[in-house]
K.L.:
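The structure that follows is given in the form of structure tokens.
The chains referred to below are lettered A, B, ... by the order of the sequence lines, with proteins before strands, and numbering in each begins at 1.
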Amino acid sequence: MGLLSDPVRRRALARLVLRLNAPLCVLSYVAGIAWFLALVFPPLTQRTYMSENAMGSTMVEEQFAGGDRARAFARDFAAHRKKSGALPVAWLERTMRSVGLEVYTQSFSRKLPFPDETHERYMVSGTNVYGILRAPRAASTESLVLTVPCGSDSTNSQAVGLLLALAAHFRGQIYWAKDIVFLVTEHDLLGTEAWLEAYHDVNVTGMQSSPLQGRAGAIQAAVALELSSDVVTSLDVAVEGLNGQLPNLDLLNLFQTFCQKGGLLCTLQGKPEDWTSLDGPLQGLQTLLLMVLRQASGRPHGSHGLFLRYRVEALTLRGINSFRQYKYDLVAVGKALEGMFRKLNHLLERLHQSFFLYLLPGLSRFVSIGLYMPAVGFLLLVLGLKALELWMQLHEAGMGLEEPGGAPGPSVPLPPSQGVGLASLVAPLLISQAMGLALYVLPVLGQHVATQHFPVAEAEAVVLTLLAIYAAGLALPHNTHRVVSTQAPDRGWMALKLVALIYLALQLGCIALTNFSLGFLLATTMVPTAALAKPHGPRTLYAALLVLTSPAATLLGSLFLWRELQEAPLSLAEGWQLFLAALAQGVLEHHTYGALLFPLLSLGLYPCWLLFWNVLFWK
Amino acid sequence: MAAPLVLVLVVAVTVRAALFRSSLAEFISERVEVVSPLSSWKRVVEGLSLLDLGVSPYSGAVFHETPLIIYLFHFLIDYAELVFMITDALTAIALYFAIQDFNKVVFKKQKLLLELDQYAPDVAELIRTPMEMRYIPLKVALLQCFPQCYFSCLSDIPVSVPTHLVCPRTPLSPPAAVHTCENEEQSLLDLFLGVCHDVCGKPSGNHLPLLLPSQLLGFHPRSLWLYINVFFYTIPLAIKLKEHPIFFMFIQIAVIAIFKSYPTVGDVALYMAFFPVWNHLYRFLRNIFVLTCIIIVCSLLFPVLWHLWIYAGSANSNFFYAITLTFNVGQILLISDYFYAFLRREYYLTHGLYLTAKDGTEAMLVLK
């Protein structure tokens, strides 16, 4: 405690902070970025290993041989779907019953807040069909789920076929200790959400669904399957879930074990692993950045993303049919799934031994949270240092009085009382927060009014209102000054910047704890300009920088970066279209699944960014 | 000054009524930071229903209030929301008048000491004027109404009642006694606290033989060491602060809030409501920035770590308890900073503001 109470050491520390502030900030920022880039190299990245004992030491010999049956089922399913136009519920029920499962259906309906242009739906209603394979020797206390999300287009038929063939094969075995639920959902993620909500008897997203007639016990793990071709060249695995939540690493290790055993080519983010070539670390960095971007978006990249919210570890496996030489048929995929389910069958408790928070530079490499957190810590340190410097500058007069004798006599001015300083900050804070609230509430509420007055569709109206309110916020600084009466002009913007820095640091810290990728991405862009913002100096340059690093611009930039990393670069026009679609999807996903990116950006980061804009244009 | 107070009360009651009816009420009533086993309304309702069935409410290990609370709420259960609002409003009014009274006492004392020439010559800046003290009672009432309004009203009994009932009552009597000895006129604050003490000081055994608690919460031998902490500070503080009983009471309430077994937001809000009374100490506080940051960061991290523990499955209870510990460390440093500032001001008042050492250079005050 000597540092807090000893005046000599305090003065030395204060002088150090004030003098070396700029170099320390730059060093800290560079250290944060460098630490992140170093995450692909060996000391920081480790090989994955199976942590759960129950899944590690068992030998499993897969016996699935129902490839033909799977293809037959797939063709039947595709034909029936084309005939009826929607999910062929009756056919599915019949087939599942013939295979030997207990079949139930569930109907659901939902009116989306505005029409979804990408999936072309507005009033959604559908039926989920699921069959339960009861464990012959256990009491139905635990279950596993194999799910196939079926959208309105005719993909995923082979996945349904494989699901039915696997169900037939599993039905004939006696070693199952957990029930297995084979779930086919309509309208992909909406159906999955309806089923999960009804299964767990909650209602978090306003979906109207009929209650479930049959249940199977607590779900231990789930696998979502997406296959659209009879043969595949590789299996791609997706781990990022809703709001950046990840499944337990052991599930991924399990998948990777079986891919290696069966000789299947498994890819992560579409890229196979290759650590032996010289390009190894570079490719690792590419994979890492792709994962960071996907996790930061907070979208559920597959049905598995919605399971994670209910503490059910889940993965999505996608069969990719590209132009490679070697192809695998449905038997290979079926064997991998059979092996995975047999090992999951051995679980005694939920998966909890391995990591829940990690980054993946490759399928067999991971970075744990203890090693990647310092990156965001260094970035937030910049904000802390700047805030400390501002506090000391604001209290220089006060510090002169604290060690009295520096300038004896009443010539030392008294620091203005705390009350005045705080009162003048309330107006900018309230106005920024009100703009954020308007950004959150108005687009969806006002879409009908907008469509009456302008010739746009509802979805476009929502997006355009969003952009309009966002840009309107930029016009604010010229208004708040008439509300705020400044007494000591310099102190005004310094106090506001101090509050804004602390606010930003708190928000980014809390975001980084739950979704590291989002926190890191936003910190990389917002921290330098937040630290630099001040009314003196090259104002247009600072203004341009601030606009370029605002949350919306970060979103736009990350879209370009994402497509660049996937080796499918975008032109400016395409990028803009994708950006508008992403905005609409973000708002929609917030209302349908409870994704948190939209409220975080509009209610948290946008008001904070507006405060810095206010500081920049302080008169 | 009545009009602003009435306005504050009206706004507080409106906000509280609105919150009671909103969907936030259920969400907040589940939060651990707000509801504790000591002050949970659900437990009171549980105890009441057990009493209605003829079973002792203490037979299940759920109900931990005193028998007086049960009998009080037996009659008031239908008007619970109104009772909470009225109690909190009364607390605000009582505090308002108490602080007003205290300000008058302080000003009188200051004038007396000035005339007696007890102050050093150059301390003009430290003397408090009626102007700056005018709005303090209102600020105290405001701060008391609103934090409690948002948090504790929805889920538990108004804090003023259980804080005085459940926490050790004896540490609060020395300041009350000292204050009574000093002033002929009873301050309203003192009266209020005294009434609380009398009300809850009745031994439960005499009046209500059926409801003897079989095991008083928290008196497990191992946890005695933590509770003794609360008593440790009473006597040294009483000796040091014998001329400043209200400040002593403030520090004592803060110490009780820190060492309480199930701390909630309401306890912190109770002593933080008194900060405007000690506004004049602000210039002597040394670490207010760091401490405010620590307290704000910990308050924000509570729900985040709760989410990580319960929903993401990755943290565990250790994280949550670590944050509680950090929060307590922040509170302890804050209270010790205020104490240091108070002592420093007293020192300056008697020895002068601009000190020089023997050889004429500036002197530094170091706390040994």
K.L.:
Where does A/Leu513 contact chain B at under 4.5 Å (heavy atoms): side chain, backbone, both or neither?
P.N.:
both
K.L.:
Heavy-atom count check: over 12 atoms from other residues, nucleotides or ligands less than 6.0 Å from B/Tyr311 OH?
P.N.:
no
K.L.:
Please walk me through it: do B/Ile296 and A/Tyr503 pass side-chain contact (heavy atoms from CB on, under 4.5 Å)?
P.N.:
CA-CA 10 Å; B/Ile296 295 179; A/Tyr503 191 27; over 6 Å; no
K.L.:
Identify which part of A/Ala505 has an atom lying under 4.5 Å from any heavy atom of chain B, answering side chain, backbone, both or neither.
P.N.:
neither
K.L.:
Between B/Phe289 and chain A, with a heavy-atom cut-off of 4.5 Å, which part of the residue counts as in contact: side chain, backbone, both or neither?
P.N.:
both
K.L.:
Which answer fits B/Leu300, side chain, backbone, both or neither, if we ask what part of it has an atom under 4.5 Å from a heavy atom of chain A?
P.N.:
both
K.L.:
Tell me, side chain or backbone of A/Leu246 under 4.5 Å from chain B's heavy atoms, or both, or neither?
P.N.:
neither
K.L.:
For the residue pair A/Arg311 and B/Ile310, what are the closest heavy atoms and their distance?
P.N.:
CD-O, 4.1 Å
